[in-house]
Each structure stands twice: as C-alpha cells, then as structure tokens.
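Following: one structure in structure tokens, then a few remarks.
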Amino acid sequence: MTRRTLASCVVLLLGAIAARDAAAQPAPAGPGRLELSGGALWIGRTAIGAADANETTSSNGSFRLFTTSSDLAAAPSVDARIGVRLARSLAVEVETAYGRPELRVAISGDTENAVAVTAVEKIQQYMIGGGVLWYLPALGGPRFAPFVFGGGGYLRQLHDQALLVQTGRYFQVGGGVTYLLSSRQGKWLKATGVRVDARAVVRRDGVAFASGAHTAPAVGGSFFVRF
Amino acid sequence: MSRRVAIALLIVLAAAQPEPAFAYLKFGVSVSGRQVTLKWAQTPIRYVVTSVAVPGVSADDFQAAVGRAFATWHAVSTASISYQLAGVTNAVPGRDDGLSTLGFVNRPDLDRVLASTSFLVDMSTGALVESDIFFNSAFPWSVAPGGEANRFDLESIALHEIGHFNGLGHSALGETELRAGGGRTVLASQAIMFPIAFAPGSIAGRTLKADDIAGISDLYPAADFAPAAGTLSGRVTKNGAGLFGAHVVAFDPATGSMVASFTLNDNGQFSIGGLSPGPRVVRVEPLDDADIDSFFDATRQVDIDFRVSFVDRVVIVPRGGDSGEIAIAVVPK
C-alpha cells in the first residue's frame, strides 16, 4: 500500500467515525447539521492610533501644533451565518457582518488655542469570514450548549460616499451558548434557537492610524434554524 | 518672446520682501489671459555654478553643496524631475543669458535676504526658460556636515531656493515669534519652503517635508503618482462671505504629516493637491500678520481676523480624485 493510499484510508476512516458519532449520539448542540442564523453584533470602541502634528525646530526637535487621538466608535452590525456540523461537537461557519461605526478623531492641545473638537466620519464596514466552533457538552444541558469559537476573515471599510476603500483582516475568538427553542428530530426543520456570544475582535489594517492589531470587545445575539 | 519676470522668491532672516507671489505652492503666470502654472517644460534641467568662493566655502564646496540640494529634490520618488550640472561659469546670477546660474553675489544692501531666485519665462507658453539663484555673500556661510555656529548652512538655503527654481512658492507651515531687535525668529517649521530661514548653525533645513514633497509631486508627478494622488478642496467663509488668504492645513493622522495651501480667491476656495489617499484632519488659521507679504501681493486684502478652527468631520482624500467641496465657516476673533 502506498503512502498516499494509506493516508486516504486514514482520512476516510476518521470521516466515517465522525459521521457515525454524529448519527449515533445526540449532538450537544441539538439536532441538525446545517444551521442558518441572523442577528446583531455589537463591536465596542477600538483605539486606532494617536498622532501629534509636529513641526521641526532649528535643532531638529519637535514643536507640537496640536494632538490627535483616534478610534472607531462602538457600533451595532447586522450579522448572518451559515454553519455546518462536521462532527458531534465540531462545526464550521461562514459569517458576514455589516455595520456603520464612526471614525472619531479627537483634536486637542492646539498651540493657538483652537477649540478642541472631535472630527467624525461614518464608515461602512463589511466583515466576511469563517471559523470553527467547538461545543462543550460537559458544560451543557438539554437545551443549553456552550461553545467556544475562533476564526477570521476579510475586512472592507468604505469611507464617506465610498470615496475610498480600505481593506484588512480580522480575527476573533470567543465563547457563548446556544439555547434550543424547539427540537424536532426527523423533521425537515430540525431545530430553532437563539445564540449569544462574547468575543474579542482583532482588526489589522483597514481604517487604522497605527500599525499592528487593534482589538475590540464584541457581543452577538442571533436566531437560528437547523436543518 | 521672453521677458524677465520678477517673482518673489526670497528666503530672508526676518521680514520677507514685498514682491508678489501669485499663488501658494505653485507660481502662476498669466499667458494670453489665462493662468498657467510656472514649471519647466523639459528635464533634466541644466544649471551652471559660478567659481566665486567666500570665506568658509570654496568653489568646489559650493558646487558640492548645491549638488546635494538638487539631489534631494531629485530623490522624491513621487516626482519626476532631474537636473544636470552643465559646468562652471564666470557669469553672474541674474543675467538673461539662457543659463540657469547659481552663485554668490555680494549684496550688503539686502540685509535680510540670504538668497534669491529669479526666473526667465517664455510668456507665450508660460514655460520656464532660465532660473538663477544668488546667495548673498554678505552673510557668513558654511558647508560643514554638522553645521557651524553663526554661519548659515548653504545646503539648507539652496534646498529652499531650488524649490523656487522648480516653480514652488512659499509655504506657511511654520511658527515665528518677534525678535527683540526687530524681525522674526523661526520657532519651528514643517516645510523647506517656509519663507524664513532657521537661525545660523542649524542644519534642520536639509530634509524635505511632506508639504514640499506634495508640492513637487503635484508639479512634476511621477507616472505612477498622478493616478494615485488625490486633492482636498473646499471653501472658507466668514459671516457668509468667501475669505481670501486663509491658511488651510491637511493633517494625516496616519503619518503625522501636514500639507497646506491657501484660499486663493474671493470666494474663499482652496485646493490642496498631491495628497496620498486617506482620512485628513483639516485646520484653518489666519496668516501671521508679519508673513503676509511672503505669500501675497501687497495690494491684496488678506483677512486675518478670525479664529483658528478645525473642521468637525474627517475629510477623505480619494485615490485619484477630489474630496468634494468642504464648507468651512470661521468666526471673527
């Protein structure tokens, strides 16, 4: 038996075990393999950089004209997901979210005493990505199913009137719980429920004035159906 | 076909010279009733240097220092401009001889003028034909790598004058204070094209700033720069009427860089070109009263009676486009 054939057999065997487990034992999240959900995601404030407007002195030092501190304000998003259960406790998901957070630049400390202001712009933010979700059966109950998840994807942020597009990546990790509202084994629609989660969303690039990762807390809530 | 046009182009110790500058950032000339941006039609731009030496600066030192200053402008990656040293001459800067000549001239009568740039313009096209720079040997000069106390750094002053040579006007990105004995001292600046020089001994003027780079890139854009660069434009009003001569600064919170321009007509309209795309904070300020003649014709009425203020929205500079007109209302002091 060649190495390739052996590897294929191992994969098939694992797939068979996963399928058998999923069929033979009740999944911790309840029935159904395909899950569609929609809801809301609230992403908290994210600091995205601070910068001074400096001029150069004759000794190559700095003379500060004013200072700025920028963030993406907390904002709600609408959120939709499609998930597929691969094994008893394991699911993969694709997710998309759309929100309109404000880009806020606080300006202060002007050397000529200009009144401090916060310059604001509303941006459109799209997040498209995927991840892996792991149910924790030992912590759950008949209707409750706790889980942890992680993933990432593509970040697309459009400035005012789509004059400029900035793109980046996001990553997220978190945990939550699903609650089954109904469960009907053997039916086409196998379950309905709600899901809440808390997560840390890490954004790279996109609308940011400092390099590196920018982390924000987030909470989500959604309604799902399973088939 | 051609005539010498005296455009102001002086870097001075204190008060600027009163000759008119037609526009900020770029000079303009009127050709057949229309305003044409003053620039060279062809590159490399050939120049010659004089063999005149002054205490502390030999002819070879002079040639090397101005060569470094030309190289600094040439090195701007977003601009396409180049220069060629065509030789050494005994000619004097300021003569209409078809040669762009740089050299020392002793002008003790110009006791506040370190250097000056003049142009010969083809008035049928608006193209530069010749540009001469004289450095006033009545002042003490230095080419020491680290600068020299009580002597002006030749490379720094040459960098400013070559900015004019390229067709750039003055920038107002700088702060000054009154000196006890008259005139003004520079506290800080963020543009080589600021009209007042740093104090003797300083070599801070050897490095181009974002404002200078935006200016030269706007005037001579590199092939891949023009499609990517954007402009920020708008209108400044006071009591509902357009305001002439307001200084508008675009600050990039991502890089900390500043690029600025003025409202240049009675409608209060301004446009800042050569900007990389991205969000900007916009600040509007009146000119320092002592600086007005460095930027505008003395006959123009420049309104300086308004408060410094910021635009309360983040302004977006698009890639290859314009921000759309930003309306900025300022209030009297």
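Below, chains carry the letters A, B, ... as their sequence lines are ordered, and counting in each starts from 1.
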What part of [X] is in contact with chain B, defined as an atom under 4.5 angstrom from a non-hydrogen atom: side chain, backbone, both or neither?
X	value
A/Gln161	neither
A/Asn60	both
A/Ala210	neither
A/Val117	side chain

Looking at chain B, which one of [options] has the largest number of heavy-atom pairs inside 4.5 Å, strictly under?
options	answer
A/Leu103, A/Asp52, A/Asp110	A/Asp110
A/Ala208, A/Ala114, A/Ala50, A/Ala116	A/Ala114
A/Ala53, A/Ala51, A/Gly49, A/Ala162	A/Ala53

Straight-line distance of [X] [atom1] to [Y] [atom2], nearest 0.5 Å:
X	Y	atom1	atom2	answer
A/Ile107	B/Arg283	CD1	CZ	10.0 Å
B/Ser257	A/Asn54	OG	CG	11.5 Å
B/Phe310	A/Phe66	CZ	CZ	4.5 Å
B/Phe198	A/Thr56	CZ	OG1	6.0 Å

Quiz item: Which one of B/Ala254, B/Ala199, B/Gly324, B/Gly201 has the most heavy-atom pairs closer than 4.5 Å to chain A?
Solution: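 Looking at each of B/Ala254, B/Ala199, B/Gly324, B/Gly201 in turn, B/Ala254 comes out on top.
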Exercise. Go through B/Asp252, B/Val314, B/Val308 and name the one with the most non-hydrogen pairs under 4.5 angstrom from chain A.
Key: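 Most heavy-atom pairs under 4.5 Å with chain A: B/Val314.
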Minimum heavy-atom distance between [X] and [Y], given as atom pair plus value:
X	Y	result
A/Ser58	B/Ala204	O-CB, 3.7 Å
B/Asp322	A/Leu163	O-CD2, 4.2 Å
B/Pro279	A/His159	CG-CE1, 3.6 Å
A/Phe63	B/Ala188	CB-CB, 3.4 Å
A/Leu164	B/Arg319	CD1-N, 4.1 Å

Quiz item: Considering residues, nucleotides and ligands other than A/Ile82, do more than 12 of their heavy atoms fall under 6.0 Å from its CD1?
Solution: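 No.
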Practice problem: Give a yes or no on whether A/Lys122 atom NZ has more than 12 heavy-atom contacts from other residues, nucleotides or ligands under 6.0 Å away. | Solution: no
Exercise. Given side-chain contact (heavy atoms from CB on, under 4.5 Å), test B/Lys209 with A/Glu55 step by step and report yes or no.
Key: CA-CA 10 Å; B/Lys209 307 297 186 189; A/Glu55 293 181 342; over 6 Å; no
Exercise. Could you please spell out the steps behind the side-chain contact (heavy atoms from CB on, under 4.5 Å) verdict for B/Gln190 and A/Leu65?
Key: CA-CA 10 Å; B/Gln190 202 60 9; A/Leu65 204 56; over 6 Å; no
[X] versus chain A, heavy atoms under 4.5 Å apart: side chain, backbone, both or neither?
X	result
B/Val186	neither
B/Val317	backbone
B/Thr207	neither

Quiz prompt | A/Thr111-B/Glu175 side chain donor-acceptor pair, cut-off 3.5 Å | solution =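 Not at all, the side chains of A/Thr111 and B/Glu175 share no donor-acceptor pair under 3.5 Å.
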Quiz item: Charged N to carboxylate O below 4.0 Å: is that the case for B/Arg280 and A/Glu121?
Solution: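 Salt bridge between B/Arg280 and A/Glu121, a charged N being under 4.0 Å from a carboxylate O: no.
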